[in-house]
Amino acid sequence: QVQLVESGGGLVQAGGSLRLSCAASGRNFSTYSMGWFRQAPGKEREFVAAIGWSGGSTDYVDSVKGRFTISRDNAKNTVYLQMNSLRPEDTAVYYCAATGRYGTMLLVLSAYYYWGQGTQVTVSS
């Protein structure tokens with residue numbers, strides 16, 4: 001029903017910035033809440049950021065607050081993750097996801113129905 005494709009990952013030095021994009025197929029993108037998760041080598045996938053369908057409500061994991069910004073452009077069916085002041089511990093595969101849920105459940109991986117393929121972010125020391 002929903003296809004998600006991430007892009008924008010790459011290699012960056014510590015302190016640098018990247019902007020990830022997630023393009024969604026089909027219609028009704030604006031009815032979905034969107035999230036970003038990441039998975040580092042040897043670790044479980046973890047919540048990073050989420051944004052409600054209206055774009056007015058956002059949540060972040062504590063470790064990225066003040067550094068990352070999630071946004072969406074419903075006209076382009078795209079959600080973004082602007083990542084500034086990157087740290088080596090941010091290195092991971094980043095995944096975008098979509099769900100019809102909202103509120104607290106957006107912080108939980110199992111709340112999401114659709115997932116992209118992931119994009120690699122590597123931050124060098």
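The residues of the chain are indexed from 1 along the displayed sequence. Scope of the values below: all heavy atoms of this structure, side chains included, with no hydrogens, waters or symmetry mates.
For the atom pair CD of Gln3 and CG of Asn77, the computed distance is 13.0 Å after rounding to the nearest 0.5 Å. Rounded to the nearest 0.5 angstrom, Met83 CE and Arg19 CZ are separated by 11.5 Å. Expressed to the nearest 0.5 Å, how far CE of Met34 lies from CG of Asn74 amounts to 9.5 Å.
Here salt bridge (Lys or Arg N to Asp or Glu O under 4.0 Å) pairs that include residues 108-120, with residues two or more places apart or in two chains, number zero. Here salt bridge (Lys or Arg N to Asp or Glu O under 4.0 Å) pairs that include residues 49-62, with residues two or more places apart or in two chains, are Asp62-Lys65. Within the structure, the ring-ring contact (aromatic ring centres under 6.0 Å, His included) test picks out no pair touching residues 68-100 (sequence neighbours left out). Screening residues 87-116 for disulfide (SG to SG under 2.5 Å), with sequence neighbours left out, gives Cys22-Cys96. Residue pairs meeting the salt bridge (Lys or Arg N to Asp or Glu O under 4.0 Å) criterion with at least one partner in residues 69-79, sequence neighbours excluded, do not occur; the list is empty.
Residues Val12 and Val48 are members of one and the same hydrophobic cluster, defined by side-chain heavy-atom contacts under 4.5 angstrom among Ile, Leu, Val, Met, Phe, Trp and Tyr.
In this structure, the side chains of Glu6 and Leu20 stay at 4.5 Å or more apart for every pair of heavy atoms.
The two residues Leu4 and Val2 have their closest heavy-atom pair at CD2-CG1, 3.7 Å. The nearest pair of heavy atoms linking Ser125 to Pro88 is OG-CG, 3.5 Å. Between Ala23 and Thr78, the closest heavy-atom pair is CA-OG1, 4.2 Å. Between Gly118 and Val93, the shortest heavy-atom distance links the atoms CA-CG1, 3.8 Å.
With hydrogens and angles disregarded, a donor-acceptor distance shorter than 3.5 Å links the side chain of Ser33 to the backbone of Arg101.
Partners of Asp90 according to the salt bridge (Lys or Arg N to Asp or Glu O under 4.0 Å) rule, which considers only residues two or more places apart in sequence or in another chain, are Arg38, Arg67. In this view, Ser17 and Gln82, Asn84 satisfy the side-chain contact (heavy atoms from CB on, under 4.5 Å) rule, not counting sequence neighbours. Residues passing the side-chain contact (heavy atoms from CB on, under 4.5 Å) test with Thr58 are Ile51, Tyr60, Ile70, sequence neighbours excluded. Shown here are the salt bridge (Lys or Arg N to Asp or Glu O under 4.0 Å) partners of Lys43, two or more places apart in sequence or in another chain: there are none. Applying the side-chain contact (heavy atoms from CB on, under 4.5 Å) test to Thr91 and every residue at least two apart in sequence or in another chain returns Gln120, Thr122, Val123. Take Val61 and apply the side-chain contact (heavy atoms from CB on, under 4.5 Å) test, not counting sequence neighbours, and it matches Phe47, Ser63, Val64.
By the neighbour-count criterion of 12 heavy atoms within 6.0 Å, atom CD of Glu89 is densely surrounded, having more than that number from other residues, nucleotides or ligands.
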*Taking it one step at a time, do Met105 and Thr99 satisfy side-chain contact (heavy atoms from CB on, under 4.5 Å)?*
CA-CA 10 Å; Met105 291 302 298; Thr99 182; over 6 Å; no

Quick one: side chains of residues 107-115, donor-acceptor pairs under 3.5 Å with protein atoms, not counting sequence neighbours, listed by atom name and distance.
from: Tyr112; atom 1: OH; to: Leu106; atom 2: O; distance (Å): 2.6
from: Tyr114; atom 1: OH; to: Gln1; atom 2: OE1; distance (Å): 2.8

